[in-house]
Protein chains: 2
Amino acid sequence: MTERTPSEASRDIPEATVARLPVYLRALTGLSEAGTATCSSEHLATAAGVNSAMLRKDLSHLGSYGTRGVGYDVEYLRYQIAREIGVTQDWPVVIVGIGNLGHALANFSGFRSRGFRVVALLDADPRRHQEVVAGVDVRPFSDLEAIVHEHGVAIGVISTPAPAAQDVADHMVAAGIRSILNFAPTVLAVPPGVDVRKVDLSIELQILAYHEQRKALGAAAVERPVDGALEGRPA
Amino acid sequence: MTERTPSEASRDIPEATVARLPVYLRALTGLSEAGTATCSSEHLATAAGVNSAMLRKDLSHLGSYGTRGVGYDVEYLRYQIAREIGVTQDWPVVIVGIGNLGHALANFSGFRSRGFRVVALLDADPRRHQEVVAGVDVRPFSDLEAIVHEHGVAIGVISTPAPAAQDVADHMVAAGIRSILNFAPTVLAVPPGVDVRKVDLSIELQILAYHEQRKALGAAAVERPVDGALEGRPA
DNA sequence: CTCGGTTTGTTCTCGCGTTCACAAACTCCT
DNA sequence: AGGAGTTTGTGAACGCGAGAACAAACCGAG
């Protein structure tokens, strides 16, 4: 096993590794712009904020790029990771729901610079159809299927309010989109074969709040130890 | 072990469970608004998009709320989870970096409705200091420490461009903030005891792109089976 | 009061992900 | 050429999380 033929190695990369590859890619881009030609796993791992052993294992899943005793060629590794992720090609993307968040997403330069091209902005509200955001005009949601077929869109972004999200997702799937990035705070039901990733801003804050509360509780427990049953039980 | 005193049970909840509690909370709020008084683990799990066994195990970590043969009291469980997360109290939040994304975050109603209150918007650019966003006026970044102390801010949100993020984080930590939600595409270095969660929009898209490429490759392999060494290579 | 039906809480098992530790391999210096 | 120093790639150990399965507990009918 562990053949170094790309198509061999590119089989079954662990999900956790896939989620970190973009971080490595970003770190490598930074090193490249800084003029670094070669880097060790330790160096790159620090830049990516991970353990060096984990980095090496992650990279080993895509092949044996790297030279023992030397390190990794920044440009070469960057290209290999980009190819593995698939961002050497351009991905046309459509954004549905042009509210505050949709505006921000449409203007986000990080998409363009990382292989994604926003080909259309859609909104159900006719009052938004006059607008032009980030050089792209907002079109009616009913144009979705035509746009998907015209540009070969494979990835859709949902930034609508929660109640509209499922309907939008259904239409996306019907139009042939198989990858959805969902910013609406709702659980989406999609048929098998369709990937959904969700980004929920308030969930992240709530996780922080939990730990923050924990810290405060821990500090309070030092002052006044123990004591449990207090707030529970209306039943 | 497994005492049901809240303070006992609230020790060491697995991180994976913590990340799902907000989802359950959202699902319960939905059920509550729909007028549902009681629900089974199966019902709630479906609403939250998870397995019922996992839901029960998650809930068991915070205590034995729920009645065998009956299910969970929606309101009661909702309160217990909210208390466990810490969103029964209000968390003052400060947002730094009022660009497109900062605007969207400041206007995001989901924060307010889930126990978070934006007490200040900060930006280093003086041209933005005249603006009023979502009823809050944009103030200079140098006001950070004063605001943190005045309002007892424990959570900071960074929505600046990447190059400014580390500096902002440093000032936040210096001002006493111990929880940071970072939207800038950079790895933040913070001292131990400070929690950082990151949301990177382009990383999510890249993960989708990887799987999308995979699907396309798989489909191609069906047409033309086998054969390995093709795309790799610029040694 | 007893019994059948239902649902929770928990135990057990399995697989994945992370970390450690080391052999293999490369460079550079003598 | 040979050896010392470095760094990668990987095998093995460990811990955590997910799912299946089951006993305990509760309700309601008779």
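Quick note: numbers below take in every heavy atom, side chains included, and nothing from hydrogens, waters or symmetry partners. By convention in this document, chain letters (A, B, ...) are assigned in the order of the sequence lines, proteins followed by strands, and residues within each chain are numbered from 1.
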Those residues at least two apart in sequence (or on a different chain) that pass ring-ring contact (aromatic ring centres under 6.0 Å, His included) with H43(A) are none

Step by step, work out the side chain to side chain contact (heavy atoms under 4.5 Å, CB included) result for M172(A) and V168(A). CA-CA 6 Å; M172(A) 281 183 170; V168(A) 171; 4.0 Å; yes

Can you tell me how far P of dT18(C) sits from CD of E15(B), to the nearest Å? 14 Å

Counting heavy atoms from C-beta on, name the nucleotide in dG9(C), dG19(D), dC20(C) closest to the side chain of M54(B). dG19(D)

Roughly, in whole Å, what's the span from CG in D58(B) to C1' in dT10(C)? 14 Å

If only side-chain N and O atoms of Y72(A) are considered, is one of them under 4.0 Å from the OP1 or OP2 phosphate oxygen of dC26(C)? no

Donor-acceptor pair present, R68(A) side chain and dT7(D) base, under 3.5 Å: no

Give me the residues of residues 21-33 of chain B where at least one heavy atom lies under 4.0 Å from an atom of DNA chain C, by number, or none. none

Would you say T67(B) reaches dT8(C)'s phosphate, i.e. side-chain N/O to OP1/OP2 under 4.0 Å? no

Any residue meeting side-chain hydrogen bond (donor to acceptor under 3.5 Å, both in side chains) with Q213(A), in chain and number order, not counting sequence neighbours: none

What pairs meet the salt bridge (charged side-chain N to carboxylate O under 4.0 Å, His left out) rule with one or both residues in residues 87-96 of chain B, with sequence neighbours excluded? D90(B)-R117(B)

So, taking the atom named CD1 in I203(A) and the one named NZ in K198(A), what distance separates them when rounded to the nearest 0.5 Å? 5.0 Å

Taking for each residue the nucleotide of DNA chain C with the nearest heavy atom, is it P14(A) or A53(A) whose nucleotide lies nearer the 5' end? P14(A)

Distance check needed: dT10(C) P versus H61(B) NE2, whole Å only. 9 Å

Could you state the atom-to-atom distance from CD1 of I13(B) to P of dC16(D) in whole Å? 15 Å

Rounded to whole angstrom units, what separation is found between the CG atom of L77(A) and the C1' atom of dT7(D)? 14 Å

Does dG17(C) have OP1 or OP2 sitting under 4.0 Å from an N or O in the side chain of N51(A)? no

Spacing between R20(A) atom CZ and dC16(C) atom P, to the nearest angstrom: 15 Å

One should read off an interatomic distance between H61(B) NE2 and I13(B) CD1, to the nearest 0.5 angstrom, of 8.0 Å

Could you walk me through whether D195(A) and E212(B) pass the side chain to side chain contact (heavy atoms under 4.5 Å, CB included) check? CA-CA 9 Å; D195(A) 280 343; E212(B) 195 63 35; 6.0 Å; no

Rounded distance (nearest 0.5 Å) linking atom CE of M54(B) with atom OG of S41(B): 12.0 Å

Looking at residues at least two apart in the chain, or sitting in another chain, which of them share a side-chain hydrogen bond (donor to acceptor under 3.5 Å, both in side chains) with T17(A)? D58(A)

Distance check: side-chain N/O of R56(A) vs OP1/OP2 of dT18(C), anything under 4.0 Å? no

G49(B) versus V187(A), closest heavy-atom pair with distance: CA-CG1, 3.9 Å

Pull out every residue in residues 40-48 of chain A that has a heavy atom closer than 4.0 Å to any atom of DNA chain D, ordered by number, or say none. S40(A), S41(A)

How many Å lie between CG on D12(B) and C1' on dC16(D), as a whole number? 13 Å

State whether the distance check finds a donor on one side and an acceptor on the other, under 3.5 Å, for side chain K57(A) versus base dT19(C). yes

Can you measure D73(B) atom CG to dT8(C) atom P for me and round it to whole angstrom units? 13 Å

